[in-house]
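One structure is given here, and the rest of the page talks about it.
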Amino acid sequence: MLAKLLKYEIRATGRTLLPLFLSLLLVAGISRLLFGAGHQKWDVATAISVAVYAAIMAGMFVMTFVVMIQRFYRNLLSDEGYLMFTLPVKPWKHIVSKLLVSMIWIVVSVVVALVSIIIIAYRQGAWTKMVTFSGGWGSSAHFLAFEIIVSALVSLAAGVLLIYASMAIGHLVNRHKVLASFAGFIVLNTLSQIVGQLFRSLLHIVHVNSGNFASTQVLNELAIACAIAFIALLSAAYFALTNHILAKRLNLE
Amino acid sequence: MSAILECESLSKRFGNKPALSDVSLEVARGQIVGLLGPNGSGKSTLIKLANGLLTPSNGKILVGGREPDIETKKIISYLPERTYLNDWMRVHEIIEFFSDFYADFKPEKAYDMLKRLSIDPQDRLKTMSKGTKEKVQLILVMSREADLYLLDEPIGGVDPAARDYILQTILSNYNENGTIIISTHLISDIEKILDYVIFINQGRVALTSSVDDIRDNQGKTVDALFREVFKC
């Protein structure tokens with residue numbers, strides 16, 4: 001059932017986002033051609049293409065964000081929820097399918113942005129430079145890079161789930177649901193900050209005490225691993241809260 | 001066999017406003033039941049509770065002996081009083097969607113009904129009138145072989161001529177062993193197909209009776225009895 005939900009979720013969101021991704025790459029290509037044709041100065045054509053490029057880039061990120069919120073709110077908590085919640089599907093699968101698809105599109109939009117920048121700015125020999133540059137990093141850097149990617153993904157999940165949980169909290173209130181969602185967001189976010197601060201203080205004590213028998217590098221890697229674990233725990237809490245509300249406290253108007 | 005739908009002291013409040021108060025009833029299998037009451041009497045609330053779209057404030061509601069969950073959703077085919085389909089899909093895509101999620105959905109039945117109502121499966125819902133959308137939803141709901149059909153105001157939005165066709169569609173397509181609960185305030189239109197009626201008023205059950213009993217023992221039509229019970 002999860003695979004089927006994912007299929008429809010990708011279909012429902014892709015029809016809005018894919019044209020945006022493609023048009024960004026297209027406009028990047030056009031800008032590149034204009035540059036290549038010797039329009040080095042800011043003549044009208046280049047200026048327009050760069051302006052359009054910037055607008056699409058901004059629009060792409062905004063739309064990815066809007067689609068993430070809209071799909072959860074409209075598809076689950078408004079009229080379409082009448083269909084989604086009468087399907088023989090456990091509520092957690094709805095959350096997972098929406099979360100995964102949102103994360104995929106956010107990652108894809110970042111990749112598309114990077115590719116478009118490369119299209120515009122690529123100069124001969126740039127790759128070789130990049131490769132020589134990163135080649136000197138060594139294996140510890142590779143592990144660090146891995147940790148950074150994992151922490152970015154976990155943080156992304158936490159961010160999306162925080163917004164889902166806020167909307168679920170807003171749903172508990174009879175009136176002013178949007179306002180209640182914002183209030184839910186502020187409360188959840190503040191609570192998370194407080195718990196995070198406590199966790200950091202705790203980590204700091206451990207860090208100082210173990211300073212004698214571990215190298216700085218190991219400690220840094222450990223610190224990032226702990227941060228990842230903490231953010232993963234937060235995500236799990238947001239997920240559990242959202243799931244509880246959708247499974248046990250659902251009240252569609 | 002056990003009742004298909006049971007309520008035990010079921011109550012639902014929205015804030016301080018009671019929508020259903022202390023409702024207890026049982027609906028046996030294999031009948032067509034009219035859930036009848038004026039606007040705002042709690043008909044939709046009861047149906048939504050059975051679907052798990054609302055959570056009871058007090059008491060219990062059981063479908064086939066279970067509180068609403070994934071198993072009850074498999075056996076209920078629900079027609080809501082509003083449009084629950086997104087507007088960007090084409091009709092054949094929605095049929096595919098239903099086939100994917102409901103094991104008891106019969107696509108050939110749906111295509112057959114679409115053809116008889118001259119609705120093109122390639123059409124997008126966005127371009128359809130409200131009445132046509134309602135017909136598409138009814139077709140989807142009646143193309144399942146469910147144990148319990150919950151139809152909330154299935155004839156509310158269509159003209160009298162289409163009403164007869166829709167009632168015919170309901171009658172000729174439902175699973176023979178299934179139960180249909182139809183909520184409406186347009187009683188005279190559906191009276192002839194009902195086996196059993198539940199009158200509901202201001203969130204309370206005012207009367208439950210078999211239609212034969214009303215006709216034979218009280219010598220009244222359901223419509224006349226309704227007017228009597230709900231006299232303003």
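Values below: every heavy atom of this structure, side chains too, minus hydrogens, waters and symmetry copies. Here is how names work: the chains are called A, B, and so on, in the same order as the sequence lines, proteins then strands, and each is numbered from 1.
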Under 4.5 Å heavy-atom distance to chain A, tell me which part of [X] shows up: side chain, backbone, both or neither.
X	answer
B:E81	side chain
B:Y102	side chain
B:T45	neither
B:E96	both
B:F97	both

Identify which part of [X] has an atom lying under 4.5 Å from any heavy atom of chain B, answering side chain, backbone, both or neither.
X	answer
A:A12	both
A:R15	side chain
A:V173	neither
A:K7	side chain

B:D189: which residues meet the salt bridge (Lys or Arg N to Asp or Glu O under 4.0 Å) condition with it, sequence neighbours left out?
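Only B:R163 meet the salt bridge (Lys or Arg N to Asp or Glu O under 4.0 Å) criterion with B:D189.
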Can you tell me which residue among B:N173, B:I180, B:I182 is in a side-chain contact (heavy atoms from CB on, under 4.5 Å) with B:Y149?
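For B:Y149, the side-chain contact (heavy atoms from CB on, under 4.5 Å) test succeeds with only one of B:N173, B:I180, B:I182, which is B:I180.
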Problem set entry | Electrostatic pair B:R116:B:D112 at N-O distance under 4.0 angstrom |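 So B:R116 pairs with B:D112 through a salt bridge.
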